[in-house]
> 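Questions regarding the structure given below will be posed in turn.
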Amino acid sequence: MATLSQADEAQLKAQLQDAVVSCTERCLYHSAKWAAELLNSLPTSDDDGLDTDVDSPMSDAHPPQTPANHVSKDAAELRLEAREAHKFLLAKTYFDCREYDRCAAVFLPSVLPRGSSHPVTSPAGQPKHSEKGKEKAGTSSNSKIPISSVQGLSQKSLFLALYARYIAGEKRMNEDSEMILGPQDGGVTLNKELPGISAILQEWFNSLPMSGRQPQGWLEYLYGIVLAKGKNEKLAVDYFVRSVHQYSYNWGAWSELSNLLGTIEELNQVIPRLPQNIMTFIFHVSASQDLYQSNDQVHASLAQIMSVFPTSAFLKTQRALLHYHTKDFDEAEQIFSDLLKSDPHRIDSLDNYSNILYVMGMRAKLAFLAQLATTTDKFRPETCCVVGNYYSLKSEHEKAVMYFRRALTLDRNFLSAWTLMGHEFVEMKNTHAAIESYRRAVDVNRKDYRAWYGLGQTYEVLEMHSYALFYHQRAAALRPYDPKLWMAVGQCFGKVGKITNGIRAYKRALVAGSYYDAGIGSSFGSGEVSGLGGGILDPEVLYQIALLYERIHDMPESAAYMELVLAQEEGPEYEEAGEAGGGVGVTPTTSKARLWLARWEYMRGMYQRAMELANELCQDGVEVEDAKALVRDIRARIEREKGEGRT
Amino acid sequence: MASPRYITPQKISLLVLMYLYLVNDDDPSPATIPVLSFILSHSISWVPSNARRRSSNARSRPSNAVSRPSPRHADASFPIETYIDVLHGYDSDMPGLSLLDVYLKHLWGMDSFHALHNLFENIGNVMLTSRASLTGEELTDFGLITETSPLGLFVRRARLEFNRLQLDDTMKIWSAFLAFRAPTAKWSERLAGIASPGVDINTTNMGLKPGDDLYEVVYGHLAQDVEKSAEVSIDDLERLLEFQLEKLQRLGCRVPDDMKNQLGNMLGSSGVVLRQSHLVKFFDAWKAGVFTTAFDQLHRYYDYAMQTREKIHYQYALLHMAILQADFNCFGEAVAAINETIATARENQDMTCLNFSLSWLSHMSKAYPKQMKGVGYMGMLGSERDGLTFLKSKAKETKMYNLLSATLLNEAKFYMSSGESIPRALECLYQASHLNIKEDIKNHGSHMLLVSTLYSRLGIAHLSSVHTDLFLHCFQAECPIDERIRASCRSALSTIPCGRYEEGLRILKTIDVSAHRSLKFHQYLLLCTGLIKLRRAICWTDWEACKHYISSLRPDSSTDPELSFMLSEAHIDYLIAREYYTDAFDAIEALTVSRKEDSSDILQRISMLLAKAELFRKVGKPARGFSIALRAASVSFKARLMPSLWSAVGLLASILNSLGEFEPAMRLLRAIIPQCLENEDHRLLGTLYSHMGDSYMGLAGTTDISTHRRLMSRLAKMKRGVRFIDKTRECHERTESIEGIRDQYVKKIILCKFHRLPEGADIVAQELAVAWEQGMEKFARH
């Protein structure tokens, strides 16, 4: 896999080239762009000779469309396509002029049922797994459709026509939608074309075995989209898998598939069903990235793929995002920065870059990025997100919200804008709007842990802890190795009185924290657990655990954790690995712990130790008043004891 | 590229300088005052007040050596080199660095887009937010400014406008700023502290050079065209147009051509259409006499003004329309419009507009009574006197001193024209003058003109001309061009009775044509010039020229009523001089009737009486004019219209002469001639002298010559008569009245013949021939 033979490489090129042409023919512009980018990121070292020979008769013999590829077109389709060639061109031009309805009308009869009775219109009421019932219902309503008119079409034409209808429906849906977060904006506006498309496709697929036609993968892709829109996700996954089996180089199908996978387990279930080719590898990496899986295995596969496509911006972005997920911001920033240099007009994923810069606090660079993105295209959701992030960093939250809103107006499904807008609303103390924004983000993509976490935080602000707990758990489930999320879970457990659960969650946070801390320097560890002693533990977490133990009156345990907090000040003395240098030093948390310990020792009567601790507190200059009072008390006690001892 | 709304690179650079001033204000340095005045002169919008002008004058003596003559008031788009001039000469706190170096360091210290944001943030932080935080400690720490100080206002406005900007607009300003400071790159390279070669720290950090893709995407346009339009913000343009409007509205002139081009370029390139520009065009077209365009532009302006929901504009739109219509003699429409204006203003309780409309209406009904009556205007405020009282009280109530002053002047005018007591008119004038000075009302023009009229009616020509000159010297700059032209014409016309026609024409010629370029003014000037020439032609008996002038100067309804009366008067004089007595009589009758209808100025009515009496005298029936002359005399005495009184008395004297009552005639004339001498009216004086001579001759004729003594006294009287004849001739020579001169010579010849002195008669006849020839020569030359 690491190195491709020349023949393989030539084949790959031909396939990608074919993918670009096929996608373009079907007006799948983004997939075409993706494929073309990938095609151009192949190393051109020794192939230059070949590439320059484009004019040679050899390459004429291998035009991309010819069935030299492994997806050999069957003769029937070719014949149909040839017959419709002129009409197809007409439809294509209509599509390119954004006259979608007209495009659809070239091939489809204009009177198509709007499918009012079709199940897809009521996705909520539809039980997810009742595919059979659905099919039945579908067939019953389909009986009215003049399916014969569709059967006579080539798959290419049918796809284009149905896709045009789909796009027209999307367009109308956007037009009908209310203002972002307006009073009527519930995000429930539906694409009214879906039932009709679904009906036709279902009929088509039902009659597929009888007609003896060979599926090409495109219609499966479209049907998958329609099913996914109707929340019929399992079937959608099936169709996407079928689609990528029949045509692997349609990146749209892959990314839709990836969107449907909510957990790593689901991904692992799907993987065996996929074809074995390079696209699957890429999909695996990108899906893992989406699911915040950033382990050695993923990095290794990514590295392998990148050896094939060394200059692919897409893959580089994936790598940067992987680094971002593991909080390796410097690395991620560097990659993005290089990407900027190599392709300054590229706006894709710049919103992620801006997040990174935001976290790193690089204001000037973020301003520069905003400038760059705005220069290129100021009406791209990514651009708006970058600008919004910049204003957010400058604490101009109203303006930030304005830009996020603009991003959402441009693309209602733009996930990060929803989440970021939620953050802004939190900053502006508008909790209700924040909750709604986060909720919409989650509705768009259930994998966004930041939105879940934000929801939890907002509910915490509203003092609804048991509610918040649910969201924090969701977030923590998405990112099991993020201590922040576990801390939030623990805190909520503490608030609702489930103290043992809280302690467990905090301990989980400790584990996760040590894993990440260890991960920074090393090559992403073995992934699972390095135990309590892996590095510096978060004193805050330890302190919280101690407090919780105190609440269940397990004082010795509590004291032990308090000691641990103190131990973090120096840190490395009991550290085995010896990689992290130095402790956290004196922080408010450790001081609080010290005060607690001092008081505890004082209560236990260990005055000497209490005195020591109190004096340390005075030295550190934190909580001096309390410490001094304590010292006085201790002195008084000692004096009294001495006096008692004497008498 | 569209202009920025408010922020321009210049303003940013000012803010940098201001910031520098604010944070480095530990000890006063010699640069403080010039720097501050520089900032102020560029940050505060130019207000046309005397105080401002003084301060800008003070600024124009900067102590630095490199000083150019600084512009009179701030130019919105000054280049960065201006800073070099201002700051170069001063040392900063840091040794070896001039203030300019420090400034440039700060300027180039803004090394990224983010730094631009920071500047606005920081400069807000150095401003005191409220009085409460104004503790002594902070004041010593930082050179803070308060929110309400001039600098504070500028900073706040700039911050507000900056915050309102969208990111891409901010970017445009940033690149404009980069272009703006680019010329100083070589200065900044000198400084060790800032060796940053690029424009942006980010590009430097990323190792980008011009030519790299990324660099070209972000800053590529800098190398290409520098967008000049970004240097003038919409705010600046608005101010510019406001200034133009103010000029147009106050002075009633047109936009000069070169300014028009410049404005057109600025507005055209900026890509925005400002509402005010329509108004400017409206005034310009109006003054240029292009009715349709003016009308169109007015509508356009108010259509766009409606867009901003300023309903308040509506009555002003109507008011403008009324004035415009009236200006183009559409009195019916004008009255309709002004009526609606009044109704709307009442509805909206806009007292200013209401009072102004009423005042304008009363002015119109006064100035164009016939036309206004013709369209059915019956007077809204009752009689004129009631109207004035009403307006006066309203103006006092609403503290509209402008209106009050104007009403007082109108009142004075009313007293004068109705022949009521002069002291009251003077009182009104003094009140108005007091108001003008106290409330700083720019109403000096009409005041001065009215005073000058008053004096000329009182027969004190000298004071009258002094006031006109005073106005032209002192208040010309800030008064409407209309008044300026009127004043010049008045001083030109005042030369007619003295016979200094050349001087009058010269005065009219010196009026700068480019200053007005308005059809109305042009016509006015034309009529004045024509009038002077006509008068001269009548004196020269150049009948061909007279005919030509009269036909070309026929007044119509649009001409100034006063001027059209003067023209008619001249016409009558011409008819009398041509001895077309019937025509003259008809013309006089017609004019008298129309004057009576209009209930016009008493002076005009009296002059008609005088003309009639004069006509009777000319046709040899002076006795018929006796009662007329007597009436004229008594009325003009009551109204203190001295020049009219004198001519009336002169007529009376001539009637008495004709009746053989030489003694009383002589006594009458003796009483008035000294006064008349002061008035420099040589024409009148000549007539009076000739009457005097007639009286003496008559006396001599009636003297008994029985005794030698009596003979001697007769001779003495005749001698006096001859002297007066000579004086008369002198007067006529001054006014170049050829007929008058000839008459006197003829009289002398007759006298010589009477005394049987043919030689003397010959001599006189030769003199006459010479004089005639001279006159003809002169007349031929013109």
Side-chain angles (χ1 to χ4, degrees), chain A residues 311 313 330 333-347 350 353-354 357-358 360-380 382-407, chain B residues 1-2 108-125 159-179 196 198-224 227:
Chain A
T311 58
D330 290 319
E333 200 275 333
Q334 192 52 47
I335 294 174
F336 269 119
S337 188
D338 291 342
L339 269 177
L340 274 193
K341 270 186 235 171
S342 59
D343 192 355
H345 290 286
R346 184 172 185 270
I347 291 185
L350 280 193
Y353 186 29
S354 78
L357 291 175
Y358 184 97
M360 295 173 82
M362 296 171 73
R363 289 158 179 253
K365 190 103 187 234
L366 188 50
F368 179 73
L369 187 67
Q371 202 182 344
L372 172 73
T374 309
T375 316
T376 308
D377 185 354
K378 56 182 171 182
F379 293 115
R380 277 277 293 268
E382 287 91 346
T383 306
C384 296
C385 271
V386 173
V387 176
N389 263 334
Y390 177 63
Y391 280 126
S392 174
L393 195 58
K394 289 190 74 250
S395 301
E396 292 183 31
H397 300 297
E398 285 86 358
K399 277 174 114 170
V401 166
M402 189 184 87
Y403 274 95
F404 290 134
R405 215 178 257 274
R406 183 183 286 177
Chain B
M1 187 186 109
W108 284 86
M110 290 176 57
D111 53 5
S112 70
F113 189 43
H114 180 65
L116 180 67
H117 285 87
N118 272 348
L119 171 73
F120 280 89
E121 220 160 84
N122 293 339
I123 202 156
N125 294 339
R159 290 194 69 211
L160 178 74
E161 295 285 352
F162 187 78
N163 276 337
R164 283 173 50 169
L165 288 177
Q166 301 231 342
L167 191 91
D168 48 330
D169 296 328
T170 322
M171 274 168 48
K172 279 174 196 155
I173 287 169
W174 169 239
S175 32
F177 174 71
L178 290 181
S196 64
V199 284
D200 193 331
I201 189 80
N202 287 303
T203 54
T204 318
N205 286 349
M206 288 171 81
L208 298 174
K209 292 183 298 295
D212 287 355
D213 284 347
L214 185 57
Y215 185 90
E216 288 303 313
V217 169
V218 183
Y219 290 117
H221 56 274
L222 282 183
Q224 298 155 17
E227 286 154 340

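In what follows, every chain begins at residue 1, and chains take the letters A, B, ... in the order their sequences are listed.
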> If you count heavy-atom pairs under 4.5 Å between each of A:K341, A:M362, A:Q371 and chain B, which one has the most?
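Greatest number of close heavy-atom pairs with chain B: A:Q371.
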> Under the side-chain contact (heavy atoms from CB on, under 4.5 Å) criterion, do A:T375 and B:M171 qualify, and how do the steps go?
CA-CA 9 Å; A:T375 316; B:M171 274 168 48; 3.2 Å; yes
> Under a 4.5 Å heavy-atom cut-off, does chain B meet the side chain of A:T376, its backbone, both or neither?
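Just the side chain, heavy atoms under 4.5 Å.
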> Can you tell which part of B:E121 gets under 4.5 Å to a heavy atom of chain A, answering side chain, backbone, both or neither?
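Side chain only.
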> Nearest heavy-atom pair of A:A364 and B:H114: which atoms, and what distance?
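Distance-wise, the nearest heavy atoms are CA-CB, 3.5 Å.
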> Which heavy atom in A:Y403 sits nearest to a heavy atom in B:L167, and how many Å separate them?
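Between these two residues, the closest heavy atoms are OH-N, 2.7 Å.
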> State the CG-NZ distance between B:N163 and A:K394, to the nearest 0.5 angstrom.
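If we round to the nearest 0.5 Å, B:N163:CG and A:K394:NZ are 7.0 Å apart.
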> Tell me if a side-chain donor or acceptor on A:K399 pairs with a main-chain N or O of B:L165 at a distance below 3.5 Å.
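Side chain of A:K399 to backbone of B:L165: a pair is present.
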> When rounded to the nearest 0.5 angstrom, what distance separates CG in A:L366 from CZ in B:F113?
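So the gap between those two atoms works out to 10.5 Å.
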> What I'd like to find out is whether the side chain of B:Q166 reaches to under 4.5 Å of the side chain of A:M402, using heavy atoms alone.
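Yes, close enough: below the 4.5 Å cut-off.
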> Between B:H117 and A:Y390, how do the two ring planes meet: parallel, tilted or perpendicular, split at 30° and 60°?
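Ring orientation, 0 to 90° scale: perpendicular.
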> Taking side chain as everything from C-beta outward and backbone as N, CA, C, O, which of these in A:E396 sits under 4.5 Å from a heavy atom of chain B? Side chain, backbone, both or neither.
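Just its side chain gets close to chain B.
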> At a heavy-atom separation under 4.5 Å, does A:R346 approach chain B through its side chain, its backbone, both, or neither?
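Interface part for A:R346: neither.
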> Quick one: what part of A:K378 sits under 4.5 Å from any heavy atom of chain B, side chain, backbone, both or neither?
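Side chain of A:K378 only, per the 4.5 Å heavy-atom cut-off to chain B.
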